[in-house]
Asks: 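Structure in structure tokens, see below.
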Amino acid sequence: MRLDNKLFKGKTLAILSGGGDTPAINSSIESVRNRASMLGFKVYGVRKGWKGLLGEGDIVDLTHQPYDGWYGGTALGSSRTNPFPSKKNPESRVPQVLQNLKRYKIDVLVTIGGDDTNGAAKRLYETEGIPVIGFPKTIDNDLRTRTMHSYQGEETEAVLCPGFPSAAKAIAEFTGNLKTTAESHQRIIVLEVMGRDAGWLTGTAMYGGAQLGLIPEVPMSRERKELFFELVKETYLSHPKKCLIIPVSEGVRWFDEAKDKLDVVYASSEVDEYGHPRFGGISGVIASEISRRTGIEARAQISGYYARAGACRKYDRRLTMTLADKVVDLLLREEYGQMPVLSKIVDYVELEEFNTSSIDMGDIGNKPLPDLYYDAERFRFTPAYDHFLNMVLQRPRYTDFNYDFPVVIPQ
Ligand code: F6P
């Protein structure tokens, strides 16, 4: 294509990433940058999310720069800055954002984020008419994408956000590796997994051999705890190696006898600019209660940032490229206030633009794990969720050492 034939020559598109990082953000940035610059846009990067559009602005030129989309995290940096007034920051910073969009002559803004970042983008589009395109991102996988999953002839509304496939693989592998230490000590390991409001990521531990699990969607009342302890004991005792890994979401609501109420465990009471406190520590509470109630040794392990750290995995790489292809379509049609999504759950080779669509950013919001994926009576993830994961992940291969040595009796 000759330079002067470029469609959007003289226009500028800026990309920002906000909220928690994921291994797929650089891949999203690179994929959008490559396609937008081919269309003729000058492509800028806004540093540290919405923060980079405050004050003097913090903008870099990405148009012709080398970029490594396999490298995890975000080279633009991130923040939980909210341009709209919040409890933590009552003053509106929207005028600063508008001023910088004007000063840097930004024509289109692509916001890579979850509910918070894209929620703010949506408001800017609706209230100020800023041309925005949202780009989904979260390891928690709880941002509504209206992605349909077909299982045994039934259609379920699922979610698939870039970042989740890489994090899912990390959690599945982590769980599979924890198995050898649990086996060696015949212990129960309670594995805490990120997920404030939804158990999508926690469920991926079943790929690593976890049997039972707890998710934020199902509160652990006094009665449910009784049932759970019984099942834990039964499952542990029936395990040939007498061990068990129990993944639990950081946002699980657990009945606290001392306080006589259901509560989450907070790592800090401080809230961010979107009103979220930080969770952390539920695994320790559950492990010590399991030990006390069942008499079986239980330990806690927090997987924390491990889930979202490190390189982009293959599925995410292609997913971000495919969604960036849809961004091109939106740009060409000048359809703003939209977010590209996968229209159905497909395996790696079917990640193609014809399997994408876009949703109105007015419809974004949180989407919990569907009931079909979790059996609340048995505290187990279901075959339907296993089917979903089979499309997105490659089941890691673990070697199993099934020892059964003959016991020596002294003569
Ligand atoms: O938003 C995604 C997430 O991974 C949540 O599950 C978690 O509570 C949060 O990020 C923590 O992120 P940070 O410690 O960076 O604020």
Side-chain angles (χ1 to χ4, degrees), residues 16-26 28 47-51 72-82 86-89 111-121 134-145 159-172 174 191-205 213-217 247-254 263-285 301-310 312-313 316 364-369:
L16 68 77
S17 55
D21 68 302
T22 84
I25 302 180
N26 277 329
S28 308
R47 283 156 77 171
K48 301 202 184 87
W50 292 111
K51 200 179 204 169
T74 164
L76 291 178
S78 187
S79 70
R80 294 191 186 274
T81 304
N82 185 354
S86 65
K87 236 188 186 156
K88 196 166 179 190
N89 185 69
T111 53
I112 303 172
D115 199 15
D116 297 331
T117 304
N118 283 321
F135 199 93
K137 172 242 60 156
T138 164
I139 62 160
D140 295 0
N141 207 42
D142 58 354
L143 175 71
R144 185 180 288 275
T145 57
V159 174
L160 194 56
C161 287
F164 172 73
S166 300
K169 197 137 196 223
I171 291 300
F174 191 48
L191 174 64
E192 186 167 323
V193 180
M194 277 193 170
R196 250 192 306 237
D197 306 305
W200 294 89
L201 192 57
T202 302
T204 67
L214 302 180
I215 60 172
E217 290 88 337
V248 300
S249 305
E250 60 178 357
V252 163
R253 278 167 294 150
W254 183 256
D263 212 352
V264 289
V265 176
Y266 297 92
S268 153
S269 54
E270 216 191 303
V271 293
D272 66 19
E273 292 188 10
Y274 291 91
H276 306 298
R278 257 190 313 123
F279 296 162
I282 183 76
S283 53
V285 173
Q301 170 72 57
I302 301 184
S303 55
Y305 296 121
Y306 180 78
R308 63 191 212 198
C312 182
R313 311 280 183 135
D316 255 336
I364 62 172
N366 279 113
K367 174 93 177 99
L369 190 75

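Order of appearance sets the numbers: ligands from 1, and atoms from 1 within every ligand. Keep in mind the model is a prediction, meaning the values are calculated, not measured. Side chains are part of it too, since the values below use all heavy atoms of this structure and drop only hydrogens, waters and symmetry mates.
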Asks: Going by the closest heavy atom to atom 5 (C) of ligand 1, which one wins out of D116, D140, D197, T22?
Replies: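 Looking at heavy atoms only, D140 sits closest to atom 5 (C) of ligand 1.
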Asks: Do K367 and D142 sit within salt-bridge range, that is, some charged N less than 4.0 Å from a carboxylate O?
Replies: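 Judged by the 4.0 Å cut-off on N to carboxylate O distance, K367 and D142 do not form a salt bridge.
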Asks: Applying side chain to side chain contact (heavy atoms under 4.5 Å, CB included) between I302 and each of E192, E250, M194, report the one that passes.
Replies: E192
Asks: Parallel under 30°, tilted from 30 to 60°, perpendicular over 60°: which one fits the rings of F174 and Y306?
Replies: tilted
Asks: To which protein heavy atom is atom 7 (C) of ligand 1 closest, and what is the distance rounded to 0.1 Å?
Replies: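 Heavy-atom neighbour on the protein nearest atom 7 (C) of ligand 1: E250 OE2, 3.2 Å.
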Asks: What residue and atom, counting heavy atoms only, is the protein's closest point to atom 4 (O) of ligand 1, and at what distance?
Replies: M194 SD, 3.0 Å
Asks: Are the side chains of W254 and I282 in contact, using a 4.5 Å heavy-atom criterion?
Replies: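 In short, these two side chains touch, coming nearer than 4.5 Å.
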Asks: Would you mind listing which atoms of ligand 1 come within a distance below 4.0 Å of any non-hydrogen atom of Y305?
Replies: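 Counting from 1, the qualifying ligand atoms are 13 (P), 14 (O), 15 (O).
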Asks: Taking side chain as C-beta onward, heavy atoms only, is K169 less than 4.5 Å from R313?
Replies: yes
Asks: Just to verify, which of T111, T74, N26 counts as forming a side-chain hydrogen bond (donor to acceptor under 3.5 Å, both in side chains) with S17?
Replies: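 Option passing the side-chain hydrogen bond (donor to acceptor under 3.5 Å, both in side chains) with S17: T74.
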Asks: With the threshold set at under 4.0 angstrom, would you say G195 reaches ligand 1 through any of its heavy atoms?
Replies: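 Yes, G195 has a heavy atom closer than 4.0 Å to ligand 1.
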Asks: Give the residue and atom name of whichever protein heavy atom lies nearest to atom 9 (C) of ligand 1, and the separation in Å to one decimal.
Replies: R80 NH2, 3.6 Å
Asks: So which of R308, H276, R196 gets nearest to atom 1 (O) of ligand 1, if we judge by its closest heavy atom?
Replies: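 Considering heavy atoms of R308, H276, R196, the nearest to atom 1 (O) of ligand 1 sits in R196.
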Asks: Would you mind running through ligand 1 and noting each atom that sits below 4.0 Å from a heavy atom of I139?
Replies: 4 (O)
